[in-house]
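One structure is given below, encoded as structure tokens.
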Amino acid sequence: MFDSVRDDLRTTLDEIRAAGLHKPERVIGTPQSATVAVTAGGRPGDVLNFCANNYLGLADHPEVIAAAHEALDRWGYGMASVRFICGTQEVHKELEGRLSAFLGQEDTILYSSCFDANGGVFETLLGAEDAVISDALNHASIIDGIRLSKARRFRYANRDMADLEQQLKEAAEGGARRKLIVTDGVFSMDGYVAPLREICDLAERYDAMVMVDDSHAVGFVGPGGRGTPELHGVMDRVDIITGTLGKALGGASGGYVAARAEIVALLRQRSRPYLFSNTLAPVIAAASLKVIDLLESAGELRERLAANTALFRSRMTEEGFDILPGDHAIAPVMIGDASVAGRMAELLLERGVYVIGFSYPVVPQGAARIRVQLSAAHSTDDVNRAVDAFVAARAELDA
């Protein structure tokens with residue numbers, strides 16, 4: 001049976017390569033850091049890393065590593081079960097409490113990933129008599145989570161408040177019992193920030209709840225690093241925050257839902273990814289507690305990240321590159337053609353700068369880009385070297 005399927009799969013893979021949409025995976029032989037060693041899939045040797053979500057440079061922070069070592073000795077390697085059976089340790093409860101306090105929410109529930117967190121919310125909270133109103137550029141995990149629910153689905157154009165209001169009106173006129181607006185806090189392919197104050201205003205006008213996936217913001221966006229709700233002054237008006245421990249918060253894995261107490265309580269009883277997936281490894285929970293300690297005094301790291309971001313964006317603009325506007329550490333360099341974006345990423349790697357070309361289906365057809373991600377771990381020299389490499393790679397492409 002599989003012989004015929006194999007031929008079909010090979011044809012599909014050949015089509016992906018021919019369209020310039022193939023996504024190679026490179027192997028690195030070092031910890032995640034501002035500089036990594038590529039051992040396979042690219043130029044061997046140390047290269048500057050500008051494609052990680054390691055926004056604050058904490059992935060290899062010595063205090064985080066030490067906390068992880070200590071946790072292995074104290075709590076062991078893994079839980080080997082789900083929490084309602086035998087999978088809750090004190091360290092998990094402590095992390096949930098610390099996240100709740102940090103994010104200004106009543107309670108928090110941990111998941112093995114933010115993808116699972118987003119996959120567990122909608123089906124639990126919404127039924128066929130309810131409505132979910134989702135931004136058109138929301139993360140794939142939100143889209144997949146919505147598909148699991150029976151709620152009526154409405155979609156509004158990215159950050160378009162007039163369209164959001166129209167969708168809310170239609171949901172209300174359709175007799176929706178509950179209405180949930182869901183948005184990324186920061187849109188990962190563009191670096192755009194959601195207008196949460198305006199979203200909350202509309203939510204209150206139309207009696208809707210607000211959910212924010214703040215994976216690309218918590219830790220470094222907002223005066224205290226508490227994410228886009230803090231940035232917009234609406235921490236007390238957002239009902240559900242989902243996020244990850246795998247980006248600014250240490251870069252390992254794991255996710256969470258921080259929300260109103262009743263929402264979290266119901267998720268513990270009904271959320272399928274929580275009930276049927278193993279508990280977050282205790283070593284990650286313990287190391288994440290150390291990360292939260294560091295976040296409370298991470299003002300200098302956030303300032304360094306902001307400075308690196310401003311320098312890269314300004315220099316690339318001066319050199320004539322097309323960068324989507326904003327001040328987020330996600331700085332998309334727009335290329336357009338997928339094969340050209342892939343080739344430029346290869347040329348940059350040859351020049352010691354590790355970046356990735358993004359193409360369909362991750363971004364729309366014809367909107368291929370190189371998504372540069374700045375980190376507090378980068379030096380000013382690192383940033384300047386990256387810009388110089390872009391200039392040189394463009395010259396070779398044009399030659």
Could you see if [X] belongs to whatever hydrophobic cluster contains [Y]? Use Ile, Leu, Val, Met, Phe, Trp, Tyr and a side-chain cutoff under 4.5 Å.
| X | Y | value |
| --- | --- | --- |
| Met235 | Ile292 | no |
| Ile284 | Val257 | no |
| Leu110 | Val64 | yes |
| Phe220 | Leu311 | yes |
| Met209 | Met161 | no |

Would you say [X] has more than 12 foreign heavy atoms packed within less than 6.0 Å of its [atom1]?
| X | atom1 | value |
| --- | --- | --- |
| Arg155 | CZ | no |
| Asp160 | CG | yes |
| Tyr206 | OH | yes |

Salt-bridge criterion met for [X] and [Y] (N-O under 4.0 Å):
| X | Y | result |
| --- | --- | --- |
| Lys169 | Glu173 | no |
| Arg74 | Glu70 | no |
| Arg351 | Glu346 | no |
| Arg83 | Glu96 | yes |
| Asp388 | Arg385 | no |
| Glu90 | Lys93 | no |
| Glu296 | Arg98 | yes |

Answer yes or no: is there a side-chain heavy-atom contact under 4.5 Å between [X] and [Y]?
| X | Y | value |
| --- | --- | --- |
| His61 | Leu56 | no |
| Glu262 | Glu106 | yes |
| Thr183 | Met211 | no |
| Leu348 | Tyr354 | no |
| Leu397 | Arg343 | yes |
| Tyr256 | Leu280 | no |
| Val212 | Ile240 | no |
| His216 | Asp184 | no |

For residues 363-377, please give each side-chain donor-acceptor pair under 3.5 Å, one per line with the distance, not counting sequence neighbours.
| residue | atom | partner | partner atom | Å |
| --- | --- | --- | --- | --- |
| Arg369 | NE | Ala367 | O | 3.1 |
| Arg369 | NH1 | Met189 | O | 2.8 |
| Arg369 | NH1 | Asp190 | OD1 | 2.7 |
| Arg369 | NH2 | Ala367 | O | 3.2 |
| Arg371 | NE | Gln373 | OE1 | 3.4 |
| Arg371 | NH1 | Ser188 | O | 2.9 |
| Arg371 | NH2 | Gln373 | OE1 | 3.1 |
| Gln373 | NE2 | Asn53 | OD1 | 2.5 |
| Gln373 | NE2 | Tyr55 | OH | 3.0 |
| Ser375 | OG | Asn54 | O | 2.8 |
| Ser375 | OG | Ala377 | N | 3.0 |

Pairwise side-chain hydrogen bond (donor to acceptor under 3.5 Å, both in side chains) hits with a residue in residues 124-136, at least two apart: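 Matches after skipping sequence neighbours: Glu129-Arg177, Asp130-Arg177, Ser134-Asn138, Asp135-Asn158.
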In the hydrophobic clustering (ILVMFWY, side-chain contacts below 4.5 Å, transitive), which residues join Leu324, or is it alone?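 Under the 4.5 Å side-chain rule, Leu324 groups with Leu137, Phe187, Tyr192, Met334.
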With ILVMFWY side chains joined below 4.5 Å, transitively, what does Phe115's cluster contain besides itself?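 Noted: Phe115 shares its cluster with no other residue.
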Return yes if a side-chain donor-acceptor contact under 3.5 Å exists between [X] and [Y], otherwise no.
| X | Y | answer |
| --- | --- | --- |
| Asp382 | Ser379 | yes |
| Tyr156 | Glu165 | no |
| Ser271 | Tyr111 | yes |

If the condition is salt bridge (Lys or Arg N to Asp or Glu O under 4.0 Å), which residues does [X] pass it with, not counting sequence neighbours?
| X | answer |
| --- | --- |
| Glu15 | none |
| Arg237 | Asp201, Glu204 |
| Arg17 | Asp14 |
| Asp239 | Arg260 |

Who passes side-chain contact (heavy atoms from CB on, under 4.5 Å) against [X], sequence neighbours left out?
| X | result |
| --- | --- |
| Ser112 | Asp116, Ser277 |
| His69 | Ile65 |
| Leu72 | Tyr77, Val283 |
| Ala208 | Leu168, Lys179, Ile181, Ala203 |

Is the Phe390 ring parallel, tilted or perpendicular to the Phe321 ring (thresholds 30°, 60°)? perpendicular
Pair Asp60-Gln32, side chain to side chain donor-acceptor pair (under 3.5 Å): steps then yes or no: CA-CA 6 Å; Asp60 63 341; Gln32 184 65 267; over 6 Å; no
